[in-house]
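Take a look at the structure set out below.
No experiment lies behind these values; they were computed from the predicted model shown.
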Amino acid sequence: MGSRGRPSAVAADEDGERRDVSDAAGVAVLGVFAVWSLVTAAVHDGRPEGVLLAVLALAAGYAAGRILGVLLPVAAPCAGALAGLTLAVARPRLDPGPGIAAPLGHAGATAAVLVLSTGAACCAAWATPVPALRSALRLLAAGSTATGALLGSGAAVLACAAVLLCSLAAGRTTRRGPALTVPAVAVALTTGLVWALAADALPGTLTRALTDRLTPHRLDLWRDALGMARREAGLGVGPGRFGELSGATAGPAPSDGRPHSAPLQLAAEQGVVGVLLLAAVFCWVLLALWRAPRPTPVVLTAGAALGAVAVVAAVGNALSFTTVSVGAGLLAGLATARPLAEEPAAPGARAGYGRNVPQGGRPAR
């Protein structure tokens, strides 16, 4: 009896060590991010409160997700999906703070909330063994996509539909490692496109087409941010100071003092190190998902949703909204938690690949 139980105990210890490594990496990355924002703020008399609030919101959401994912692996993401959908419908113009009215930011934030709602509903669908509830949750995810259309957000429709399709395909995926590189590549390509557009490095026809879609005002903000990043590549101009130094924010269009692109904002206000730390946070989330003990379809669905949010944040102001930061952390925590009860193989998934730990507790690569 004792010899038979030993391999499972060893596997559990190995799994615990892997999770400790990813948790320690997350604490380190978020801690350095917060410290760097304080350093750059001290050098340039900046205002790091926004960055610190975003870091705190992400960490708090992640911790809450880990706890709720242990206790309520199906009910918690279902409740999160309903909350996100309700918020998007009830307050389609999400408010980033008192006295601010920035149309450029609201569309991205609403799209991000709907994407997180879609991802949470799909994660709950993969986690439940009840066929009727699974179908209802996927209808809820489709409802988030339809809500984006009703609100007139083309970005929300495309992003939610992509997450829903990726979730359905996750049941046929045999290796989570390569699959998790897809959102990473999508985010990298989007960031590169934004950077090239701001630097006028794209062909004229493509630039004009994208400018018409993104609006000239947003492009002016990006160019100002890139100019600041080039002048102050080391430490940036200081957190919260983009609005003071950008000529585009003083134009006739309403502005909240941000460039409406998370990578460009970090590059302008915190230099190259800020951009690298932002990338490190996203890579840590993917690492935590890769090592998570949840079924692979749940993990890949969360990865697709978080990747879609990162894409939206690369071309918009989504991460400036606390609701989005908390929601992203919550979804990541739910997808990396270890439920108290052993989860059944994901319904509809290929045999042998529904679980992350099919052999000796080691994650499927």
Side-chain angles (χ1 to χ4, degrees), residues 18-19 21-26 28-30 32-33 54-55 58 61-62 65 108 111-112 115-116 118-120 122-123 155 158-197 261-267 272-292 294-316 318-319 324-325 327-336 353 356 363-365:
R18 287 192 295 269
R19 287 165 62 78
V21 170
S22 62
D23 290 345
V29 171
L30 293 177
V32 173
F33 204 153
V55 171
L58 179 65
Y62 184 75
V115 166
L116 292 171
T118 302
C122 290
C123 285
L158 291 176
C160 291
V163 171
L164 183 56
L165 292 175
C166 288
S167 178
L168 294 174
R172 308 292 298 176
T173 303
T174 60
R175 299 172 68 86
R176 67 170 56 177
L180 285 174
T181 63
V182 175
V185 171
V187 173
L189 290 176
T190 303
T191 303
L193 181 62
V194 168
W195 215 281
L197 188 58
S261 171
L264 285 176
Q265 180 171 351
L266 267 294
V272 175
V273 176
V275 178
L276 294 177
L277 287 172
L278 181 64
V281 170
F282 185 63
C283 290
W284 160 65
V285 171
L286 294 181
L287 173 66
L289 291 172
W290 180 54
R291 293 176 176 270
R294 299 298 302 276
T296 294
V298 173
V299 168
L300 297 185
T301 296
L306 294 171
V309 170
V311 168
V312 172
V315 297
L319 294 186
V324 176
S325 300
L330 184 65
L331 181 59
L334 289 169
T336 56
Y353 297 106
N356 173 40
R365 300 297 194 262

Yes or no on ring-ring contact (aromatic ring centres under 6.0 Å, His included) for Phe33 and Trp284, after CA distance, side-chain angles and deciding distance? CA-CA 13 Å; Phe33 204 153; Trp284 160 65; over 10 Å; no
Which heavy atom of Pro183 sits nearest to which heavy atom of Ala179, and what is that distance? CD-O, 3.4 Å
Which atom names give the shortest non-hydrogen contact between Val324 and Leu116, and what distance separates them? O-CD1, 3.8 Å
Find the distance between CG (Leu319) and CG (Leu278) and round it off to the nearest 0.5 Å. 7.0 Å
Any side-chain heavy atom of Leu164 sitting closer than 4.5 Å to one from Cys122? yes
Which atom pair, heavy atoms only, marks the closest approach of Thr118 to Cys160? OG1-SG, 3.4 Å
Any non-hydrogen side-chain atom of Leu331 less than 4.5 Å from a side-chain atom of Cys123? yes
For Val281 and Leu58: C-alpha separation, side-chain torsions, deciding distance, then whether side chain to side chain contact (heavy atoms under 4.5 Å, CB included) applies. CA-CA 10 Å; Val281 170; Leu58 179 65; 3.9 Å; yes
Go through the steps for Tyr62 and Thr336 under the test side chain to side chain contact (heavy atoms under 4.5 Å, CB included), then give the verdict. CA-CA 9 Å; Tyr62 184 75; Thr336 56; 3.3 Å; yes
Where is the tightest heavy-atom contact between Cys166 and Ala304, given as atom of each residue plus distance? CB-CB, 3.8 Å
Distance-minimising heavy-atom pair for Leu306 and Ala328: CD2-O, 3.6 Å
Residue pair Phe282 / Ala310: nearest heavy atoms and the distance that separates them: CE1-CB, 4.1 Å
Using side-chain heavy atoms (C-beta onward) and a distance below 4.5 Å, is Val311 in contact with Thr191? no
Polar side-chain atom of Ser261 near backbone of Val315 as donor-acceptor pair, under 3.5 Å: no
Any donor and acceptor pair, going by atom type alone, linking the side chain of Arg294 with main-chain N or O of Ala335 inside 3.5 Å? no
